[in-house]
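All heavy atoms count here, side chains included; hydrogens, waters and symmetry mates do not. Residue numbers start from 1 in every chain, and the chains themselves are labelled A, B, ... in the order their sequence lines are given, proteins ahead of strands.
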Amino acid sequence: MGATIFWFIMMLGDILSMGDYTAYVWSAYGLTLLVLVGNILLARRRHSAARLDLGRRLQAREGER
Amino acid sequence: MRKFWHELASPPHFYRLAGRLSPWFGWVAAVLIVGSGWAGLFWAPPDYQQGDAFRIIYVHVPSAWMSLFVYVVMATAAAIGLIWRIKLAHAVAASCAPLGASFTFLALATGSIWGKPMWGTWWEWDARLTSELILLFLYAGYMALRGSIDDTARADRASAVLALVGVVNVPIIHYSVIWWSSLHQGPTVTKLDAPSIAVSMLVPLLTMSFGFMCYFAAVLLARVRGEVLERERNARWVRQYSGLS
Amino acid sequence: MLSAMRLVLARELRLAFRRWGQAATPLMFFMIVTTLFPLALGPPQLGGLASGVLWVAALLSSLLALDALFRADFEDGSMEQLVLTRQPLPILLVARVLAHWLVSALPLILLAPLLALALDLPGRALATLLLALLLGTPTLSFIGAVGAALTTGLRRGSALLALLVLPLAVPVLIFGARATDMAAHGEDPSGALFLLASLLFLSLSLGPFAAAAALRVSLE
């Protein structure tokens, strides 16, 4: 079992290796992924914040009546 | 045709349409970006000079292209908003700025990461990096101007003027920086470009760029939806979209 | 139309002579900034930096002067008067910017050769320096007028003005400093000077329209 996992990690390391530049290539791709996902989350949060704000306004308006 | 444009500019119609379109663009973008990322990392052959380091091109160059493209989209939306007084166009322009700034940041950061093994330093005054840096300042100025005006209508129009002045200046700045770096550059400096680009190297670059384009469309539409809800918060039609209840 | 331009120009110049302390501040700033560089870098290192130092200092002091371009007019309401006249606003703004340039940039240009010699710029580059400043500083004024029109009356207006104007001024800085530097090294600077001149014509033809649009927004 342990040997299989070890072998699997070795294989993965082999596949993901970018020669001398592994750290550079993967950090560039990782950073890109981070920023792309971050933009999506920010856009969603903005949308849900606007919806929540709307709901509160509506409730406040009904409360006045 | 006229009716189509008229409907497109109406906030409730656009809000619904954007809600339907955004996921489609999102899924196409996800497939394209993951696929070309895989192709760029494993399928494309290593460059004969730069080895595997050249694979950064697949995130660096599309980001740099998008940073300029988004500025042009932003300025076009601003011009439409300014000329025909369409509020929705201003909402689009306002939503473009943070996205464009994030692409500019990505181009700078990945360029710097690429530059470290190529030049031996994190920052070189190379033409593309320098003009990306100035583009970042332009986006920052646009967002700072918007941020310091409280009235939305006034912020829209003031920032639209700035975006138009900026879009005239972007090519001038770009070419002046190229001119400047061509005079300064030493002969040994490698530029951040694949020297001889093979087809198997080019295809992932093009599909990745197209993926970034779709991604931009998806996130832009999502952002504009939030922006529209916020701007139209006193209108009747938005009631059904409120988050409570 | 020309008479309106002349009137605006005359009014601005008269006002400037009355408040000459305000016009002298950017000039003092220009001198102080150029003094700071030798102090920070040490005289031996100064060698080839003179043209860059002069251009950065000129850019910063023109920015300092811009802050006051429309401020007084906004506060006393004469900006509304200017916008409401029947004369086309961009034309009046050309006169305004010209007056501003005469008061704030021209003294700086006259002072520049003196500072250039103090900074060890070779004598053969002096004519090019003057010509480049003559071509470059009006461009800075026209770009700056748009920024000033957008930011006057805002909170933190002056910091914002710098953020808006400085990136747009990059081409002028590049061509201006390069022209001077080329002349200092005995090369032919005419290419850079032609580029500066074309920037001037571009900013002269588009800048006033953008500034007029920005002013209208700011006055709403």
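Closest of all the heavy-atom pairs between L168(C) and G166(B) is CD2-CA, 4.4 Å. Nearest heavy-atom pair across P167(C) and L138(B) is CB-CD2, 3.8 Å. Taking every heavy atom of both residues into account, G141(B) and L164(C) meet most closely at O-CD2, 3.3 Å.
Contacts classified as ring-ring contact (aromatic ring centres under 6.0 Å, His included) and involving residues 61-92 of chain C (residues at least two apart or in different chains) are not found.
Comparing L150(C), V170(C), I143(C) by heavy-atom pairs within less than 4.5 Å of chain B, the highest count is held by L150(C). Per-residue heavy-atom pair counts under 4.5 Å with chain C were compared for L135(B), D150(B), L133(B), and the maximum is reached by D150(B).
Listed by chain and residue number, nothing satisfies the side-chain contact (heavy atoms from CB on, under 4.5 Å) test with A159(C) (two or more places apart in sequence, or in another chain).
Within the 4.5 angstrom heavy-atom criterion, only side-chain atoms of V168(B), from C-beta onward, approach chain C. Contacts of L166(C) with chain B are absent, with no heavy-atom separation under 4.5 Å from either backbone or side chain. For a residue to count as touching a neighbouring chain, one of its non-hydrogen atoms must lie under 4.5 Å from one of that chain's; by this rule L160(C) touches chain B with the side chain only.
Counting heavy-atom neighbours within 6.0 Å of K116(B) NZ, excluding the residue itself, gives a total above 12. For W122(B), the CH2 atom is densely surrounded, since the number of other residues' heavy atoms within 6.0 Å is greater than 12. The number of heavy atoms from other shown groups lying within 6.0 Å of CZ (R85(B)) does not exceed 12.
Between the CE atom of M143(B) and the CG atom of L163(C) there is a distance of 9.5 Å, given to the nearest 0.5 Å.
Contacts between residues 198-218 of chain C and chain B, counted as heavy-atom pairs separated by less than 4.5 Å, involve L199(C), L202(C), L206(C), A210(C), A213(C), A214(C), V217(C), S218(C). When the heavy atoms of residues 155-162 of chain B are compared with those of chain C, the residues falling under 4.5 Å are R157(B), A158(B), V161(B), L162(B), listed by number.
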